[in-house]
Number of protein chains: 2
Amino acid sequence: MMTVLEKMACEAREESTCQMTEDMLAEIKENLPPPELLTDLADLYKMFGDSTRLSILSALRQGELCVMHLAEILNMTQSAISHQLRALRANNLVRYRREGKLSYYCLADEHVETIIDMGLEHILEERVY
Amino acid sequence: MMTVLEKMACEAREESTCQMTEDMLAEIKENLPPPELLTDLADLYKMFGDSTRLSILSALRQGELCVMHLAEILNMTQSAISHQLRALRANNLVRYRREGKLSYYCLADEHVETIIDMGLEHILEERVY
DNA sequence: CAAACACATGAACACTTGTTCATATGTTAA
DNA sequence: TTAACATATGAACAAGTGTTCATGTGTTTG
């Protein structure tokens, strides 16, 4: 049977091996971004987590395109492209303008390209090793 | 019935309204990143597309942590954290070292933080408007 | 007006994904 | 060695996601 003091001594030893107290854990927890922001951030990155959407964004880097042309470039149905454009639009990654029968889409801002390039850098650096 | 010449004229008109020829579409297609790279990139961003993993990465920005502490900080089971760490490790987003019974995890490189910050900037800029 | 066209959208389905539960692996202490 | 501990992992299940198909909306043309 272990006494209270022995338990405390043991815990103190464990904490010292981990270099971590409850207070420190609490501080790390407080310094995390708020949960709502993290879910928004996750939703944003989900948009980049699909190769069809990445293809659409990559095509739009070369200039404004209408839905049908995107479908031709990616060899996919107009419906599939339209569904994905809707998602990209909802997350403010693309903007569009209507001109007659056609809807022209383009990238929303420079962040979109920057985010893609950061990911590419990460992947390409790995491949060197 | 439309003659061949009429069809050609019609197509030429359509192309001129779209400012886009088949050759231009082919060029855009050729300039896309190769499909294999796009799927790798999508797999990478899938890692950022989950709030649990984003929380883990955010916690690790503040320093090296073992699995149990991560579980405490995020109020989640050790198993759930361990599964996610496995995924993050497979995508080279975290590194770990074993010290006795404990496994310490840390961020793999600066890209991880940069990618997260790019996303945060994108979200926070939207909220201004 | 009707027909053709470009795009959007809802439902359904297969597929993927995150968590839980149970258990296995590996390390340390008794 | 056995017990306790920290972590890893496999199976299973619910929830989420991407595509297809059918159809709806809005615009232009004849």
Side-chain angles (χ1 to χ4, degrees), chain A residues 1-2 6-7 9-11 13-18 20 38-39 42-56 64-91 94 96-105, chain B residues 1-2 6-7 9-11 13-18 20 38-39 42-56 64-72 74-91 94-105:
Chain A
M1 185 68 169
M2 201 182 268
E6 279 169 342
K7 279 187 186 169
C10 181
E11 281 168 18
R13 229 180 300 122
E14 281 173 3
E15 278 172 359
S16 74
T17 59
C18 283
M20 182 68 63
L38 287 177
T39 56
D43 288 341
L44 171 64
Y45 281 120
K46 278 177 191 158
M47 291 298 106
F48 294 92
D50 175 78
S51 61
T52 298
R53 286 190 292 268
L54 283 179
S55 299
I56 291 174
E64 196 179 46
L65 286 167
C66 66
V67 180
M68 196 184 62
H69 286 157
L70 278 169
E72 287 177 24
I73 292 169
L74 305 193
N75 285 324
M76 295 187 65
T77 66
Q78 172 267 319
S79 180
I81 300 295
S82 192
H83 276 294
Q84 299 295 11
L85 285 170
R86 177 180 165 83
L88 291 170
R89 213 172 34 184
N91 285 272
V94 299
Y96 83 111
R97 63 185 179 86
R98 186 105 191 196
E99 189 176 311
K101 288 186 285 189
L102 297 104
S103 291
Y104 288 96
Y105 284 81
Chain B
M1 184 68 171
M2 201 183 266
E6 279 169 345
K7 280 185 186 169
C10 180
E11 282 169 17
R13 229 179 299 121
E14 282 172 2
E15 280 172 0
S16 73
T17 58
C18 286
M20 185 65 65
L38 288 177
T39 56
D43 288 341
L44 171 65
Y45 280 120
K46 276 177 191 158
M47 291 299 105
F48 295 91
D50 176 77
S51 61
T52 297
R53 286 189 293 268
L54 284 178
S55 299
I56 291 174
E64 198 179 45
L65 286 167
C66 66
V67 179
M68 198 185 59
H69 286 157
L70 277 169
E72 286 177 24
L74 305 192
N75 285 322
M76 296 188 64
T77 66
Q78 172 267 321
S79 180
I81 300 296
S82 191
H83 276 295
Q84 298 296 8
L85 285 171
R86 177 179 163 84
L88 292 170
R89 213 173 33 182
N91 284 271
V94 300
R95 304 201 188 289
Y96 84 112
R97 64 184 179 87
R98 186 105 188 194
E99 190 176 311
K101 287 187 282 190
L102 300 132
S103 291
Y104 288 97
Y105 284 80

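So that the names make sense, note that chain A is the first sequence line, chain B the second, and so on, each numbered from 1. When reading the values below, keep in mind they use all heavy atoms of this one structure, side chains included, and skip hydrogens, waters and symmetry mates.
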In terms of the nearest nucleotide of DNA chain D, which residue is placed more toward the 5' end: A:G49 or B:K101? B:K101
Is the ring of B:H83 stacked on the base of D:dT9, with centres less than 5.5 Å apart and planes under 30° off? yes
Given atom NZ of B:K46 and atom P of D:dG16, what is their separation to the nearest angstrom? 17 Å
What's the closest nucleotide to the side chain of A:S82 if the choices are D:dT27, D:dA6, C:dC7? C:dC7
Can you measure B:D50 atom CG to D:dG16 atom C1' for me and round it to whole angstrom units? 11 Å
Can you find a side chain N or O atom of B:R89 that sits less than 4.0 Å from OP1 or OP2 on D:dT9? yes
Phosphate OP1/OP2 of C:dT19: any B:Q84 side-chain N/O under 4.0 Å: yes
Counting only side-chain heavy atoms from C-beta out, which of D:dT7, C:dG18, D:dT19 sits nearest to A:M76? D:dT19
Donor-acceptor pair, distance only, cut-off 3.5 Å: does the side chain of A:N91 make one with the backbone of A:A87? yes
C:dG18 phosphate, OP1 or OP2, under 4.0 Å from B:T52 side-chain N/O: no
B:R97 CZ to D:dA6 P: how many Å, rounded? 16 Å
Identify which nucleotide among C:dT19, D:dA8, C:dG26 has an atom closest to any side-chain atom of B:Y105, counting heavy atoms from C-beta outward. D:dA8
A:R86 has an atom CZ; how far is it from atom P of D:dG24, in whole Å? 17 Å
Using a heavy-atom cut-off of 4.0 Å across all strands, would you classify A:S103 as base, sugar-phosphate, or nothing? sugar-phosphate
As an exercise, state the distance from CD1 of B:I81 to OG1 of B:T52, rounded to the nearest 0.5 Å. 6.5 Å
Mark yes or no for whether A:R53, through its side chain, and A:K46, through its backbone, hold a donor-acceptor pair below 3.5 Å. yes
State, to 0.1 Å, how close B:A42 and A:S51 come at their nearest heavy-atom pair, and which atoms those are. CB-N, 3.7 Å
If you assign each of A:T77 and B:L85 to its closest nucleotide in DNA chain D, which residue comes earlier from the 5' end? B:L85
Could you give the CD-to-C1' distance, from A:Q78 to C:dA6, as a whole number of Å? 7 Å
Rounded distance in Å - CZ (A:R98) to P (C:dA8): 7 Å
Measure from OH on B:Y104 to C1' on C:dG26 and round the result to the nearest Å. 16 Å
Donor-acceptor pair (no angle test) under 3.5 Å: A:S79 side chain, C:dC7 base: no
Check the distance between D:dA4's P and B:M68's CE and give it to me in whole angstrom. 17 Å
In A:E64, A:H69, A:R89, the residue satisfying side-chain hydrogen bond (donor to acceptor under 3.5 Å, both in side chains) with A:Y105 is A:R89
